[in-house]
J.: 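Got a structure for you, questions after.
The figures that follow rest on heavy atoms only: side chains count, while hydrogens, waters and symmetry mates do not. The sequence lines fix the lettering, A, B, ..., with proteins before strands; numbering per chain opens at 1.
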Amino acid sequence: AQSVTQLGSHVSVSEGALVLLRCNYSSSVPPYLFWYVQYPNQGLQLLLKYTTGATLVKGINGFEAEFKKSETSFHLTKPSAHMSDAAEYFCAVSENDMRFGAGTRLTVKP
Amino acid sequence: DSGVTQTPKHLITATGQRVTLRCSPRSGDLSVYWYQQSLDQGLQFLIHYYNGEERAKGNILERFSAQQFPDLHSELNLSSLELGDSALYFCASRAGTVNTGELFFGEGSRLTVL
């Protein structure tokens with residue numbers, strides 16, 4: 001059965017610092033992996049996704065993620081955090097349906 | 001704007017009552033998904049409909065039911081409400097059942113049970 005685990009329910013970084021949000025997946029078939037972002041009082045919106053092909057995936061707002069099969073990971077990174085990046089981030093795996101991790105709340109300190 | 005519309009945005013009701021949440025998917029999307037988001041349980045998958053038929057069930061309670069109508073809108077019915085049902089309920093749509101496609105989320109219906 002498909003599942004994802006997000007390590008760290010809260011991550012705090014300083015503005016301009018590297019953002020690293022961790023996600024590990026479990027899937028019985030080649031996984032399709034997604035990162036979504038949720039701003040306060042809004043629905044989720046897609047940041048990026050991995051289906052096949054290049055393992056380094058670029059998304060919106062300067063985010064990227066690397067699919068590492070050997071580590072069953074799909075960590076999300078951004079080289080330089082901005083105040084507007086403060087939000088909740090969800091990793092998801094899609095097999096028969098889409099299952100989400102518990103989420104990581106990112107705080108950006110000025 | 002994702003194109004997915006959910007009503008009502010906010011709903012306050014009492015324990016034991018029944019409510020219906022409505023979702024209109026993006027134009028042309030045949031798949032509708034329902035999720036429950038609460039502070040202690042995260043984002044839980046409830047149920048998936050494709051073109052009017054139930055395709056998958058997740059952690060949906062027996063007190064809850066859903067359906068998708070011929071015009072593709074969907075309703076989530078919650079009955080015998082308990083305090084613990086207070087949560088944000090999201091609807092999402094996808095073009096088909098292909099697992100590579102992204103889900104488009106509505107803004108959610110916030111249910112408060114008093």
Side-chain angles (χ1 to χ4, degrees), chain A residues 1-10 21 23 25-55 57-60 63 65 67 74 87-105, chain B residues 1-7 9-10 21 23-26 29-50 53-60 66 68 87-110:
Chain A
Q2 65 202 45
S3 66
V4 291
T5 302
Q6 291 184 241
L7 301 176
S9 58
H10 291 87
L21 305 181
C23 172
Y25 70 88
S26 171
S27 177
S28 58
V29 297
Y32 301 127
L33 298 163
F34 301 75
W35 275 100
Y36 282 82
V37 61
Q38 183 182 27
Y39 298 103
N41 301 313
Q42 294 186 26
L44 282 70
Q45 56 183 282
L46 182 71
L47 273 179
L48 50 80
K49 68 177 182 180
Y50 169 79
T51 54
T52 58
T55 56
V57 181
K58 295 187 184 299
I60 62 171
F63 284 94
F67 169 64
F74 190 57
E88 185 101 21
Y89 291 80
F90 293 90
C91 181
V93 61
S94 180
E95 195 172 313
N96 295 318
D97 46 65
M98 192 171 291
R99 302 296 175 111
F100 289 82
T104 298
R105 183 168 299 277
Chain B
D1 182 6
S2 68
V4 178
T5 304
Q6 289 188 248
T7 56
K9 291 193 185 308
H10 300 276
L21 309 180
C23 170
S24 294
R26 287 192 323 155
D29 283 359
L30 300 178
S31 275
V32 169
Y33 298 76
W34 286 97
Y35 290 86
Q36 178 194 57
Q37 185 178 34
S38 58
L39 287 175
D40 57 343
Q41 300 259 346
L43 197 62
Q44 296 287 315
F45 167 68
L46 296 179
I47 199 163
H48 168 209
Y49 275 85
Y50 174 77
E53 293 189 4
E54 181 185 304
R55 292 298 294 261
K57 264 187 177 180
N59 303 321
I60 188 166
Q68 186 180 26
L88 195 51
Y89 291 84
F90 283 108
C91 167
S93 73
R94 181 150 74 177
T97 59
V98 176
N99 296 329
T100 57
E102 70 175 283
L103 297 188
F104 292 87
F105 281 80
E107 294 193 348
S109 293
R110 183 171 296 281

J.: Measure distances from B:Gln6 to the heavy atoms of chain A and classify the residue's part below 4.5 Å as side chain, backbone, both or neither.
T.: neither
J.: Which atoms form the tightest heavy-atom contact between B:Arg94 and A:Ser94, and what is the distance?
T.: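 That closest heavy-atom pairing would be NH1-OG, 3.4 Å.
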J.: For A:Gln38, is it the side chain, the backbone, both, or neither that has a heavy atom closer than 4.5 Å to a heavy atom of chain B?
T.: side chain
J.: Can you say whether A:Tyr50 sits under 4.5 Å from chain B via the side chain, the backbone, both, or neither, judging by heavy atoms?
T.: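 Looking at A:Tyr50, nothing touches chain B.
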J.: Working to the nearest 0.5 angstrom, can you tell me the gap between B:Gln37 CD and A:Phe90 CZ?
T.: 4.5 Å
J.: Does CG in B:Leu39 sit with more than 12 non-hydrogen atoms of other residues, nucleotides or ligands closer than 6.0 Å?
T.: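 No - once you tally the heavy atoms of other residues, nucleotides and ligands closer than 6.0 Å, there are 12 at most.
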J.: How long is the gap from OH on B:Tyr35 to CZ on A:Arg99, to the nearest 0.5 Å?
T.: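 One finds 7.5 Å between OH of B:Tyr35 and CZ of A:Arg99.
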J.: Find the distance between CG (A:Leu46) and OG (B:Ser2) and round it off to the nearest 0.5 Å.
T.: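 Between atom CG of A:Leu46 and atom OG of B:Ser2 there are 12.0 Å.
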J.: Mind ranking B:Gly101, B:Gly42, B:Gly108, B:Ala56 by heavy-atom pairs under 4.5 Å with chain A and telling me who comes out on top?
T.: B:Gly101
J.: Quick one: pull up CG in A:Asp97 and NE2 in B:His48 and give me the separation to the nearest 0.5 Å.
T.: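 Those atoms lie 8.0 Å apart.
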J.: For residues B:Leu103 and A:Tyr36, determine if any side-chain heavy atom of one lies less than 4.5 Å from a side-chain heavy atom of the other.
T.: yes
